Each structure stands twice: as C-alpha cells, then as structure tokens.
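Working notes, beginning with the structure itself.
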Amino acid sequence: MKKLFLTAAAASLLAVTGASAQTKVGVLLPYSGTYAALGNEITLGFNMALEEAGRTGEFELVKEDTEAKPPVGLAKARKLVLEDEVDVIMGLVSSGVLGAVRDFVDGAEVPLIVANAGNDEATGEACSPYITRVSFSNGQVSRPMGEWLAEQGVKTAYTLAPDYAAGHQMVDAFSQKFTEGGGEVVGGEFTPFGQTSDFGPYLTNAKSSGAEALFVFYAGGEAISFVKQYGSFDLKEDLPLYGSGFVTSPLYVAAEGDAAVGVIASLHYVPTVDNELNTKFVETYKAAQDKAPSEFTIQGYDAAKALMAAIDSGASDRASIAEALRGLTFDSPRGPVEIDAATNNIVQDVYIYETVKEGDGLTQKVLGKIEAVRDEPNGCQLD
Amino acid sequence: MDAGFWVLQFLNALQYSMLLFLLSIGLTVIFGLLHFVNLAHGALYMMGAYLGISAAALTGSYWGAFILAPLGVTAIGALLYFTLIDRLRGAGPMNQVLVTFGLIFVFLDIARLGWGDIALGLDAPAGLSGTSNLLGVSYPTYRLFIIGLGAVVMAVLWLVLARTQIGAMIRASVENGDMAAAMGINVGRLFFAVFCVGCALAGLAGVVAAPVFSATTGMGISILIPTLIVVVIGGLGSLQGAIAGSLIVGLIETVGAAFLPSFAAVASYLLLAAILVLRPQGLIPARGT
Amino acid sequence: MFHQTPTRSIVLVFALVALALYAIYGGYFAREIVVEIAILAILAISIDVVAGFGGMVSLCHGAIMGVSAYTYGILTAKLGYPALPSAVAAIGAAAVFGTVVGWITARTTGIYFIMATLAFGQMAYTVIFKSRWLGGDDGMGGLPRFDFDWAGIAMNKSLPFALYALLLVLLCYVAAAWVMRSAFGRTLCGIHSNEPRMRAIGVSTIIHRARAMGFSGLLAGVAGIIAGQHIQYISPELLFWTVSGEALIVVILGGLGTLIGPMIGAIAFVLLKHELSGYTDHWHIVVGLVLIATVLAGGRGLYGQIEHWMTRRKARGAAQNA
Amino acid sequence: MLDVHNLSKAFGGLQVTRNVSFKLEQGERRVILGPNGAGKTTLFNLLVGELKPTAGDILVGGTSISGMSVSQRSRMGLSRSYQKNNLFEDLTVRENLTLAAAAAQGKIAWLVKDSFRDRGVKEAVEEAAELVSLTDLLDTPVKAASYGNRRQLEVGIALATRPKLLLMDEPTSGVGPSMIEGFHRLLKSLPEELTVLIIEHDMDLAFDVADRITVLNFGEVVFEGTPDETRGNPVVRDIYLGDWQQDA
C-alpha cells in the first residue's frame with residue numbers, strides 16, 4: 001500500500017515537472033481547402049515522430065486551419081502567438097501563407113519550423129533567425145532536375161506551372177540549371193492557379209513547340225488533372241514529362257494511375273529511398289495507414305525530430321529554440337540533413353526518381369541522387 | 001503553327017463547349033420553365049463526378065458509373081424539387097439565389113465528408129483510353145467521346161423539343177406559362193420532369209468530366225460561373241441559346257488560354273456584361289420579342 | 001420606408017456595448033472576433049442599403065470592398081503614401097467603382113441584375129488575381145494601421161483596434177440610417193416599390209440607382225479599409241463572389257431592409273462559425289442549412305422576425321383596446 | 001401649351017396611332033373619346049414617353065419633347081394617371097403622395113434632409129389629398145385601401161406633382177356612381193390654369209367638363225370639336241355614340 005502510494009506520488013511529481021517543461025507548439029496548417037490533405041499528412045508525420053520517441057506528453061499542440069489562404073494564415077499565426085502564447089509554430093503548406101506570416105513571426109520573435117512551403121526568399125533575402133525550414137526550397141528541388149536533364153543530353157524543353165510564386169520559382173530554378181548545362185527552354189506558360197481544369201490547350205501548345213522534353217510543376221488536385229490529361233494525349237513518346245517531384249507525389253500518384261508511369265521527377269524524399277531509417281519509417285507508417293508515406297509525411301516527421309533535438313540541446317524558450325535549430329544536423333529517413341547555419345534552410349539529398357509499375361500499384365524507382373543540395377545565401381544575412 | 005495545331009485547339013474548345021452545354025441546357029430550361037435560378041447546378045455536377053467514382057468502384061466498370069451517376073443525381077434533384085424548389089418558385093430571385101447558394105455549402109461538405117479532400121481520379125473505359133487519328137491529328141479518344149456525346153444529347157433534345165408533343169408543351173410553357181396551364185397541360189408534372197432531366201444531364205456532365213479533370217470539391221463552384229455565363233449570353237430558357245453560348249464561351253476560354261492567358265479570363269466576363277447591358281434577353285431569346 | 005424606431009436604437013446600442021465589453025474583457029481572441037463581426041456587419045449594412053431598400057441584390061460587394069482594400073494597399077504599401085489620406089482615397093475609389101457598376105447594371109433588374117453584378121465583381125477579382133504586381137493569388141502585405149500614437153492610442157494593439165472597428169460600425173450605421181430616411185432613401189424605396197411610376201413622376205431612376213450603389217460602395221469601402229488594416233494582408237479572395245454571397249446570407253439571417261438586422265446577422269454568423277469550427281471543419285454545411293431554414297421560415301431573419309412579432313402584438317393589443 | 005404633330009406609332013406591321021395632330025391651350029379641358037382599341041392609351045404612352053413614336057413630334061410650350069425620357073417630361077410638368085392602378089403597393093397613401101410631391105419638387109437626392117418632413121412637400125401632399133378626398137385616409141396602407149380609394153390615389157399621385165399638363169386615363173374606370181360624382185367634383189375644382197387631357201367613358205362627365213372633345217378611331221383623329229358639335233356629328237355618332245345613346 002505504502003509502496004503504491006509512493007509510486008503514485010512519484011508519478012504525479014513526474015507529471016508536474018513534465019507539465020512545467022511542456023512545450024507549446026502551434027500547428028499552422030491547412031485542414032480545409034485545396035491543401036487539406038497535405039495538412040493532414042504533415043500532422044500525421046509530426047505525431048508519428050513524437051509517438052516513436054514516446055514524448056507526446058512533452059508537447060502541447062494547438063492546431064489552427066489556415067485554409068491555405070494567406071490572410072487567414074496570418075490571422076491564425078497572430079492568434080497562436082498572442083492568445084495561445086505558443087513557444088514555437090510548426091507548419092505552413094503554401095508559399096503564399098509563409099510570405100504573409102513572415103514579417104509577423106520575425107517581428108514577434110517566435111520560432112517557425114516550416115514543414116512545407118518552399119518559397120526561396122523565406123530562406124533567402126527575406127530570411128530570419130526565427131524561420132527554419134525542414135522541408136525544401138523551390139529552387140533546391142528543381143535545380144537538380146535541370147542539371148540532370150541537361151546531362152542526359154536533352155537539348156530543348158518546354159515548361160508549364162501554375163501562375164503563383166512557387167510555380168515561377170520552380171520553373172526559374174529548373175531553367176537556369178538546364179540552360180547552364182547546355183539546354184534551351186524553347187517556351188513555356190503559367191496557367192491560372194487553381195482555376196485551370198482543362199490543360200488540353202496548354203498541352204497542345206507544348207506539343208507544337210517541338211521541344212524534346214516537358215518540365216512541369218503542379219501539386220494537389222492540379223497535379224492529378226495534369227498528369228491524367230498528359231497521359232490521355234499520348235505524348236510520352238514525343239514529349240516525355242519531367243517534373244518537380246510533387247507532380248507525381250506518392251500522396252496522389254494512385255489517383256493519377258497509369259498516366260504517371262514513366263514520369264521522371266526530382267524530390268527530396270520518396271518512400272523507396274534505400275537506408276535503414278527509411279525502411280523502418282515506411283514500415284511503421286504502412287502498418288498504421290495502409291499506404292506508403294509521402295514527402296509531406298517526412299516533412300512533418302522531421303519537424304518534430306528537429307524540435308526535439310533543439311529541446312534536448314537545452315532550449316526552453318522562443319529565443320533558445322530558434323538558436324538551437326540553427327546548424328542542427330541529424331539523420332532522417334530521407335538521408336543526412338543539416339539546417340544551414342547561413343540561411344536556416346535544410347541541406348539535403350535530392351533524388352531523381354521515375355514512377356514505375358509494381359504489381360497493381362505504382363512505386364518510385366530512384367534513378368539518381370544529388371547529395372547535400374545547399375541553397376546559396378541569396379542575400380540572406382542571419383546575423 | 002501548322003494546321004494540326006489549329007485542329008487540336010478547336011477540338012479542345014469543342015470538348016469544353018460540350019461539357020458546358022450539358023450543364024447549361026438543364027439550367028436554362030429550368031429557368032425558362034420554372035423561372036428558377038439554381039446556383040446549386042454546379043454542385044449537382046460535382047455530385048455526378050463523385051457518385052460516378054463510387055459507382056465505378058462498385059460495379060467495376062466505367063459504364064456502370066455512366067448509367068448510375070446521372071440516376072443518383074436525378075434522385076438528389078427529385079428530393080430537392082419536393083423539399084425546396086417547388087416551394088420557392090414564386091419567392092423571387094433573391095430567395096432562390098440564397099437557398100441554392102446555401103445548397104452549394106451543403107453539397108460541398110457532403111462531398112468532403114463522403115469522399116475526402118484529395119482529388120479523385122476516374123479511369124476512362126478501356127476502349128476509349130488511347131488516342132485516335134482525326135483530321136490528321138491524334139487526339140484523346142475519350143475527349144472525342146465527350147464531343148460525340150454532347151452532339152448526340154444536343155440532337156436528341158432538339159428532336160424532342162421540335163418534334164414531340166412533350167416538346168411542344170415545353171415550348172408553349174416557356175413561351176407563356178399561364179396559357180399552357182389554361183390549355184390543360186399538367187404544368188406541375190411537366191416542371192418536375194424537366195427539372196429531373198436537367199439534373200440528370202448535370203450528373204452526366206459530372207461523370208463524363210471526371211476522367212479528364214478528376215473530381216475535386218471545388219469543381220462545382222468553378223464550373224458554375226462559366227455555365228451561368230453561357231446561359232445568360234445565350235438567353236435564359238433558350239435551347240439554341242445554350243448551344244450558341246456554350247460554343248462561344250468554350251472557344252473564348254480555350255483559344256484564349258492558348259494565346260492570351262491573361263486576357264482570356266476576363267474576356268467571358270466582358271462578353272457577359274456587354275450582353276446584359278446591350279441585349280439582356282440574350283443572343284437567342286427563348287421568347288419572341 | 002426606413003424608420004429609426006426606438007427598438008432599433010436600443011438594439012444598436014445594446015449590441016455595440018455588448019461587443020465592446022466582450023472586446024475589453026474577452027482577450028485577444030474575442031477582439032479578433034469583434035473585428036471580424038465589424039467588417040461583416042458594415043459589408044452587410046452596405047448590401048442592405050441596395051438590396052433591402054433598393055431591391056438590388058448585388059453579388060459584387062465583396063469586389064467593391066476589395067477595390068477599397070487594394071487601393072489602400074497600393075497607396076500605402078506600394079507607393080508609400082500616408083495611411084489616412086490613402087484610406088479616404090480608397091473609400092472614394094470603392095464609391096466610384098460602385099457608382100460605375102451601378103450605372104451600367106441599373107438598366108437590368110431581378111436575376112439579370114444579380115448576374116450583371118456578379119460579372120463585374122468577378123472581372124475585378126480576375127484582374128487582381130492576374131496581376132503579379134499586386135501579388136496575384138498570393139496577395140500583398142504590409143498594409144499599415146492608422147497611427148494615433150500622438151493621442152496615446154496604440155492601434156497596433158488588439159483592443160484599440162477592435163474598438164476603432166466598432167466605432168466605424170456605429171458611424172456606418174448612422175450614415176446608412178440617415179441616408180435611408182433622407183429624401184434619397186425615400187426615393188430609393190419608391191424605385192424598389194414601383195420603378196416605372198417613379199420615372200413617371202420625374203425621377204431618373206437609373207442615375208438614382210447608380211448613386212445608391214455608389215453610397216453603398218462607400219460603406220463597403222470602409223469595410224475594406226478595416227479588413228486591410230486588421231490582418232494587414234490582403235488577397236484576391238476578398239473579391240470573390242462568394243464573399244458577397246456570404247454577406248447576403250448575413251443580411252437575410254438578420255433581417256433585410258432593417259439596417260440593424262445585418263448587424264445582428266453578422267454577430268450571429270461569426271459566432272456560429274467560430275463555435276462550429278471548434279467542433280468540426282465542416283461548418284459550412286450548418287451555415288448552408290441555417291440559411292435555407294431562414295429563407296423557408298419567411299425570410300424575415302432574426303431581427304425582422306422579432307420586429308414582426310412586436311408589430312403583431314401591438315396590432316392585437318390595439319384591436320383589443322378598441 | 002401642347003402641340004401634337006402628325007404622331008404615328010406602329011408595332012411591327014400594326015399601325016396603332018396614325019398621324020394624330022391636335023393642340024391644347026393653357027387651361028383647356030380636353031376629353032378624348034373613342035371605342036376600345038382606338039389607341040387612346042397608346043397616345044398617352046407616346047405623350048409621356050413610355051413609348052417612342054415612329055413619326056411625328058410633340059411640343060410643349062413650343063419646345064419639342066420627343067427626345068426626352070419619361071422622367072424629363074415629367075419634370076417639364078407632364079403628369080399622368082393610369083387606367084390600371086399603378087401605385088406603390090407596399091406603402092401608405094401618404095407615402096405614395098409624398099414620393100410624387102418630392103420628386104416633382106426635385107427633393108429626391110438630399111442625403112441628410114428627409115423629404116417627408118419638408119414643408120413644401122407636405123403642402124403639396126395635403127393639397128393633393130384634399131383634391132382627391134383622401135385626407136382622412138393618409139396613413140392607410142395602400143394594401144388596405146378600397147378599390148375606389150386606390151383610384152383616387154392614382155389621380156392623387158399625378159396631382160401631387162403639381163403638373164402643368166395632367167393626363168388622366170379613365171379615372172372612373174370600375175368605380176361606382178357615387179365615386180364618379182366625386183371625380184366630377186374633382187375635375188371641376190382643379191386649378192383653372194391647369195391643362196387637362198382625359199380619356200373618359202362616362203359621357204355625362206365628359207360632356208360636362210370638356211371644353212373640346214377629340215374622337216379617336218383606329219388610331220386616327222376622326223373628329224374634334226366642342227361637346228355640342230360632338231353630339232351632333234354623324235361620324236362620331238356612327239362609330240361611338242351609339243353606345244352612349246343606349247346608355248342614356
């Protein structure tokens with residue numbers, strides 16, 4: 001009896017100290033609208049990492065829905081900081097929302113762990129000691145594709161992407177490296193973002209351009225529509241499709257079906273990356289979700305990894321968490337990663353992969369790996 | 001740019017026009033007869049796509065979806081007719097607009113709850129999945145199927161309206177509802193039948209569009225505006241108007257997208273505004289003036 | 001015909017005081033809600049002016065509000081002009097935009113007017129959506145709030161800003177009420193009631209309706225300024241036709257043609273939305289059902305229904321006394 | 001005062017007004033007679049601008065008003081009442097009259113001042129209400145008013161604008177004998193300088209108030225003259241007065 005009592009007391013004592021050390025995390029993601037699925041996937045990955053480490057009790061999560069709309073995202077960011085007084089914010093799917101909250105989190109000195117949004121300037125000219133990105137930058141993902149494609153001896157390419165910040169950055173980065181490698185971008189178009197359902201006219205333009213390859217960036221529902229329509233036009237022979245890897249993301253490649261087969265794209269993570277950590281990660285995920293994880297899962301997962309690492313290094317408040325994240329290195333299922341001390345952007349391997357058939361489903365065959373891709377500071381001065 | 005390019009872009013425009021036609025014909029005839037503006041028509045199109053995806057999964061065939069989805073949407077339409085539409089016929093345009101605007105919200109969340117947030121694809125049937133050669137270009141067979149289907153529906157509706165007794169009744173009722181009732185036409189039953197056909201066509205458009213555009217929760221709202229533009233440009237209540245309007249809007253949006261993307265988006269609104277101001281009855285009005 | 005009845009005055013004061021108290025004692029989140037209510041209330045009042053009194057159901061008021069917000073954003077964030085004159089210019093731009101759209105669309109009525117306003121609103125939306133200079137779909141940030149530091153008021157704090165928004169609601173209500181019971185408002189009601197006869201007694205109804213859209217645009221412009229200053233970030237979303245649709249819902253929910261109804265509607269709508277979104281991401285379905293129920297229940301709305309009961313009771317009382 | 005010059009109107013191939021010409025002096029009371037379908041109401045619609053003529057001209061006080069809109073003509077002093085009540089149905093009698101009085105006095109666009117409290121407007125309203133015997137019913141909602149009262153209000157709205165030229169389209173249509181009597185008195189009590197053009201079917205009333213009478217048939221003026229001349233004219237008798245004699 002006495003012993004039991006003591007144990008209970010110890011447990012409650014533990015709980016108390018646990019509570020006092022609890023880190024309050026604002027989770028700022030789209031849970032409705034175009035990118036709701038991405039928000040859910042990132043949340044899943046984040047929780048998975050906490051559970052794996054058995055540290056769910058250390059973190060209190062406050063979830064807010066950005067609806068993938070910049071003004072809503074900024075309003076919710078303010079709410080998290082001013083009302084909930086979170087220690088750190090994790091999330092952000094769309095570049096637009098990141099652009100909107102950037103000045104606020106920088107001014108309020110709240111660390112923000114970006115788990116998707118890839119706009120280059122957030123870790124470039126508009127970088128902040130409080131903004132750390134564990135996902136990717138648009139340029140980081142697309143440059144390797146330009147390089148790789150030029151190396152394959154492809155001379156001309158046509159580009160298509162949605163007409164918003166990320167679309168432009170993806171295409172610009174690709175074009176720059178492709179041109180440097182000796183290729184030529186013979187034409188391209190930016191389609192109205194979120195309002196284009198019929199890509200037929202654009203595909204027809206691309207075909208008539210006579211280019212050898214088609215490079216595109218699309219995400220979410222647009223990616224599905226685009227790839228399926230590309231498939232229906234039977235262009236695989238004349239105009240093979242290359243992309244920034246989101247276009248055939250494992251998250252929705254099933255909906256794209258056979259049309260996605262043979263598409264080659266570059267991405268910072270695919271479930272078939274061959275390393276021990278990833279094998280375990282994929283197994284755990286598949287056991288729970290009955291499907292393969294995606295780059296979004298890993299981004300959420302690594303956001304939690306990075307946060308835990310920062311706390312383990314002794315960080316406890318906003319300033320120290322931000323400071324501890326900088327320069328952090330750890331092993332992720334996607335390979336070794338590092339938070340670049342110069343920009344706070346992640347440094348990681350980028351994979352060139354092809355979507356191939358495997359049994360009834362589709363899988364990703366890794367064709368090449370560009371190691372430790374690091375963004376130039378691009379005007380970023382953290383100190 | 002060679003001739004093949006133009007043929008392709010023309011086919012692209014035609015394919016989009018036919019989808020717009022399937023949607024606008026229901027909307028316009030319902031307006032012509034019932035004087036009812038159904039903003040939820042786009043939502044029915046979305047339901048057609050989602051029901052089609054489920055029906056295809058259930059029956060294992062696209063053709064199962066092709067039959068079942070329009071029927072399912074018709075059932076939804078019938079339910080709406082008895083619960084809301086019939087009651088609101090005399091309630092004025094504002095109340096109609098508001099209630100059907102509310103329905104958009106309801107259907108949006110029903111789709112999210114039922115099918116989730118990720119866009120869903122539907123595979124074209126095996127026989128229609130490749131490309132075909134036509135006029136010297138190779139074009140997706142499925143898109144040709146859409147064009148053909150639109151043409152068939154157009155022809156059937158034309159025949160029904162021009163040659164059959166039901167058609168004559170519909171035309172008489174659009175022309176003058178009171179007189180039609182006085183002539184002994186069972187207006188209530190006629191309205192219901194026409195409303196159901198309109199819903200079925202919206203559902204058909206949805207299931208037919210799914211293999212091309214995939215099904216998303218936003219598809220209903222984004223198709224609604226072009227459809228309304230078609231209906232108003234053509235003339236509310238007019239079959240010929242819906243045909244003309246679909247072709248015009250389809251051409252403007254497709255050819256515009258290919259050449260002047262920034263202008264194309266505004267072009268159809270400009271056209272709509274010009275029509276409303278200069279010729280509010282539409283290009284081919286249902287009633288003689 | 002509009003009458004500022006004692007009931008309306010009492011409800012107005014009560015609602016504003018309640019919102020102010022909520023803002024003062026409710027903390028940050030409450031203040032955010034109060035500002036959101038204020039923006040929606042002003043937009044709804046501005047729609048009530050044209051829809052409730054002029055019979056012009058507009059689906060371009062979101063766009064008018066957006067024109068104001070974007071003009072303010074361009075003048076301040078892009079061109080660096082001071083906030084106060086920029087706000088005045090932005091509200092002016094909204095009024096001009098409203099007048100022009102009104103003048104073109106006033107030739108149409110009923111469903112055609114709804115469609116015509118939809119077309120012009122969407123045109124404005126598309127132009128801004130397409131403009132890279134204005135940030136396109138991503139929107140633009142850096143919109144300043146007014147600087148009242150000289151008066152010891154820190155507008156960057158949430159409480160002063162919430163109270164400022166409430167003050168603007170009061171001003172807009174008073175302006176709308178005043179204009180609706182002026183000769184201008186009386187004439188507008190006459191046009192709503194019987195436009196051909198108004199022409200026959202000498203009123204240029206198209207010009208009058210265009211002016212009504214202009215005045216309504218001015219109020220919507222004020223809503224746009226608060227919207228821009230509140231989050232200090234704007235996106236084309238603001239101009240999309242469904243924003244007008246939602247504001248119209250608010251008008252109907254509260255009571256069309258009462259001016260105070262839209263305010264009650266805005267309070268009910270925003271609170272409902274926030275309560276529901278706490279439980280589910282699918283709050284739209286409830287909003288849709290509530291809207292349908294409101295219209296089916298006779299379309300008088302929350303406040304309109306209360307007023308209806310009151311007049312009925314009064315009438316019954318009078319009949320008994322007689 | 002009013003000079004109608006070769007006015008014609010055709011709907012498609014159907015000629016409803018043919019070369020109508022007549023002149024009204026200031027203060028004149030003119031009655032227009034003619035069988036149903038003679039084009040009387042069409043003539044009114046042409047005069048106030050609700051229809052555009054195919055040919056011809058209308059002059060008021062020497063200036064052509066053909067190019068003017070309905071509202072411009074009203075502001076020139078033309079005012080009409082309708083054969084079918086054309087009222088502000090959801091308002092009260094007073095509100096109906098006030099809208100008309102305020103519009104005529106140009107008090108429509110004040111943003112602050114209430115036209116309903118304007119003295120000039122109130123006077124015009126009371127005056128018009130007095131003329132059409134609605135003083136006691138000013139605060140009655142139109143919906144609750146009797147048909148006869150609504151006919152009175154129809155004329156009252158036209159009068160509240162204090163017109164120079166008043167066009168009345170069958171003010172007594174559908175009302176009982178006692179009310180016809182009332183209109184009779186009303187016509188007699190109108191200010192002398194007011195020019196009045198009336199379409200009227202009640203012959204006693206017409207012959208009593210008219211200075212001159214114009215008879216229309218198939219859109220054409222077939223006769224114009226004093227009441228006495230009209231009674232004696234065989235053409236008029238043929239096409240129209242047969243009915244009257246039977247009635248009498």
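Keep in mind that what you see is a predicted model, and the values were worked out from it rather than measured. We name chains A, B, ... by the order of the sequence lines, and we start the count at 1 in each one.
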query = Measuring from Phe29(C):CZ to Asp84(A):CG, what's the distance to the nearest 0.5 Å?
reply = 9.0 Å
query = Would you find more than 12 non-hydrogen atoms of other residues, nucleotides or ligands less than 6.0 Å from Lys63(A) atom NZ?
reply = no
task = Check whether more than 12 heavy atoms from other residues, nucleotides or ligands sit under 6.0 Å from atom NZ of Lys157(C), and answer yes or no.
result = no
message = Is it the case that atom OH in Tyr164(C) sees more than 12 heavy atoms from other parts of the structure closer than 6.0 Å?
response = yes
Engaged part of Asp103(A) at the chain C interface, taking heavy atoms whose separation is under 4.5 Å = neither
Shortest non-hydrogen separation from Phe193(A) to Phe129(C) and the atoms involved = O-CZ, 3.1 Å
query = Given a strict heavy-atom distance threshold of 4.5 Å, which part of Arg78(A) is in contact with chain C: side chain, backbone, both, or neither?
reply = both
query = Counting heavy atoms not belonging to Gln289(A), are there more than 12 under 6.0 Å from its CD?
reply = yes
ask   = Residue by residue, which of residues 131-141 of chain C have a heavy atom closer than 4.5 Å to a heavy atom belonging to chain A?
value = Arg132(C), Asp137(C), Asp138(C)
task = Report, by ascending residue number, the residues of residues 220-233 of chain C in heavy-atom contact with chain A at a distance under 4.5 Å; give 'none' if the set is empty.
result = His230(C), Ile231(C), Gln232(C), Tyr233(C)
query = Is chain C contacted by the side chain of Lys79(A), its backbone, both, or neither, given a heavy-atom distance below 4.5 Å?
reply = both
